[in-house]
Amino acid sequence: MIILIFLGIAFFILTIVAGFAILFTGKYPRGIFDFNLGVLRWGWRVSFYSYYALGTDKYPPFTLNSADYPAELDIAYPEHLSRVKVLFKWWLLAIPHYLILGAMLGSGATFAMGVGDDEQGYGGQVGFSLLTLLVLVGAIILLFKEHFPKSIFDFAMGINRWMYRVVAYAALMTDEYPPFRLDMGPAEPPAAPSPAPAGDLG
């Protein structure tokens, strides 16, 4: 997590650099793309190991490269990206996804306590996201049954897949708009075959 903090800062800065490169050239610099993909891979392995999935006891490797690990993430390098979309896809087009993911990943339970007639006291905000709550329930069951419930694991994986697709889109790594769906299960479903290209209309 400590290393990921610094990698996350580099990811943010390099995404801005990549954005300018796409704006002027229509291409995501390959070296930056590979680095940012490596950061996402590292982050996903740590998430899979910890309280985003509790999917394995195998410790995440310290590498940006693809590795022999139960959780893997890959994004195809785009040969060309829209120079226009780069200006607004990361905020305007992604807003519907942000709202839905905010509901699943945000927390908002509040508490407050007053003391005396002058209503002095303290308050705060505490809560669990839907994803954290799911994994926490699974962890409690795991303590007693030594088996993580498959239905909870599948649901958690669906939320994680949705989140990482939106991250890749908002980080300008693809022009393909993320689908509004939970692809649940241990493995990502195969992509639907692309329709046959239409004839040239001149």
Side-chain angles (χ1 to χ4, degrees), residues 4 6-48 52-53 63-67 69 71-106 129-131 154-202:
L4 278 173
F6 294 99
L7 290 176
I9 294 171
F11 180 94
F12 177 76
I13 294 172
L14 290 175
T15 297
I16 295 175
V17 174
F20 280 104
I22 296 167
L23 183 63
F24 291 109
T25 69
K27 290 186 176 293
Y28 201 118
R30 187 59 190 256
I32 296 178
F33 183 91
D34 290 343
F35 176 85
N36 282 354
L37 175 57
V39 175
L40 292 180
R41 280 178 176 146
W42 196 323
W44 168 228
R45 291 178 195 134
V46 173
S47 297
F48 189 77
Y52 272 70
T63 178
L64 297 171
N65 299 322
S66 181
Y69 195 72
E72 192 52 85
L73 183 148
D74 197 22
I75 302 170
Y77 176 74
E79 294 298 332
H80 180 77
L81 291 167
S82 170
R83 296 167 63 182
V84 176
K85 286 183 180 179
V86 74
L87 296 173
F88 55 85
K89 70 180 181 181
W90 56 272
W91 64 280
L92 182 61
L93 295 181
I95 284 176
H97 286 284
Y98 293 156
L99 294 175
I100 296 171
L101 286 174
M104 291 191 289
L105 299 173
S129 70
L130 173 61
L131 179 58
D154 289 349
F155 196 7
M157 287 299 297
I159 296 175
N160 277 297
R161 286 194 182 99
W162 193 331
M163 176 179 63
Y164 274 91
R165 287 172 184 155
V166 173
V167 168
Y169 182 76
L172 314 177
M173 302 175 80
T174 179
D175 277 344
E176 183 177 348
Y177 197 71
F180 288 90
R181 67 173 189 256
L182 287 169
D183 284 327
M184 299 187 288
E188 184 173 12
S194 301
D200 186 1
L201 300 181

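Positions are given from 1 along the sequence. Note that these values count all heavy atoms, side chains included, but never hydrogens, waters or copies made by symmetry.
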Q: Counting neighbours of CZ on Phe12 that are heavy atoms of other residues, nucleotides or ligands and sit closer than 6.0 Å, is the number greater than 12?
A: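 No.
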Q: Between Tyr77 and Tyr28, does the ring centroid distance fall short of 6.0 Å?
A: no
Q: Are Leu172 and Lys89 close enough that some pair of their side-chain heavy atoms sits under 4.5 Å apart?
A: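 Heavy-atom side-chain distance check passes, below 4.5 Å.
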Q: Distance from Ile22 atom CD1 to Thr15 atom OG1, nearest 0.5 Å?
A: 9.0 Å
Q: Restricting to non-hydrogen atoms, name the atom on Ile75 and the atom on Ala168 that form the minimum distance, rounded to 0.1 Å.
A: CD1-CB, 3.7 Å
Q: Indicate the atoms forming the closest heavy-atom contact of Ser82 with Asp175, along with that distance.
A: N-OD2, 2.7 Å
Q: Between atom CD1 of Ile9 and atom CG of Leu14, what is the distance when rounded to the nearest 0.5 Å?
A: 12.0 Å
Q: Is it the case that atom CZ in Phe20 sees more than 12 heavy atoms from other parts of the structure closer than 6.0 Å?
A: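 It does not: Phe20 CZ has 12 such atoms or fewer within range.
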Q: Are any of the side-chain heavy atoms of Leu105 and Ile159 separated by less than 4.5 Å?
A: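 Yes, side chains in contact.
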Q: Does any part of the side chain of Val46, heavy atoms only, come nearer than 4.5 Å to the side chain of Tyr52, both counted from C-beta?
A: no
Q: Any pair with a residue in residues 21-43 that passes salt bridge (charged side-chain N to carboxylate O under 4.0 Å, His left out), sequence neighbours left out, goes on the list, sorted by first then second residue, please.
A: Arg30-Asp34, Arg41-Glu72, Arg41-Asp74
Q: Taking the side chain as everything from C-beta on, heavy atoms only, tell me whether Lys85 gets closer than 4.5 Å to Trp90.
A: no
Q: Give me the atom names and distance for the closest heavy-atom approach of Thr63 to Asn65.
A: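 Scanning both residues, the minimum pair turns out to be OG1-N, 3.0 Å.
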Q: Around atom CZ of Phe6, are there more than 12 heavy atoms of other residues, nucleotides or ligands at under 6.0 Å?
A: no
Q: Between CZ of Phe35 and CZ of Phe11, what distance do you get to the nearest 0.5 Å?
A: 9.5 Å
Q: Between Pro96 and Tyr177, is there a side-chain heavy-atom distance shorter than 4.5 Å?
A: yes
Q: For Met104 and Ser129, which heavy atoms make the closest approach, and how far apart are they?
A: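 Shortest heavy-atom separation between Met104 and Ser129 comes out as O-CB, 3.5 Å.
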Q: Just so I know, are the side chains of Leu131 and Asn160 near enough to count as touching, which here means a heavy-atom distance under 4.5 Å?
A: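 Side chain of Leu131 against side chain of Asn160, heavy atoms only: contact under 4.5 Å found.
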Q: Would you mind listing every salt bridge (charged side-chain N to carboxylate O under 4.0 Å, His left out) that reaches into residues 155-169, with sequence neighbours excluded?
A: Arg165-Asp183, Arg165-Glu188
Q: Might you point out which heavy atoms bring Glu176 and Tyr169 nearest each other, and give the distance in Å?
A: O-CD1, 3.4 Å
Q: Could you measure the distance from the CG atom of Asn36 to the CG atom of Leu64? Nearest 0.5 Å is fine.
A: 10.0 Å
Q: Could you tell me if the side chain of Leu87 sits less than 4.5 Å from the side chain of Leu92, heavy atoms only?
A: no
Q: Please report the closest heavy-atom contact between Leu40 and Met173, naming both atoms and the distance.
A: CD1-SD, 3.8 Å
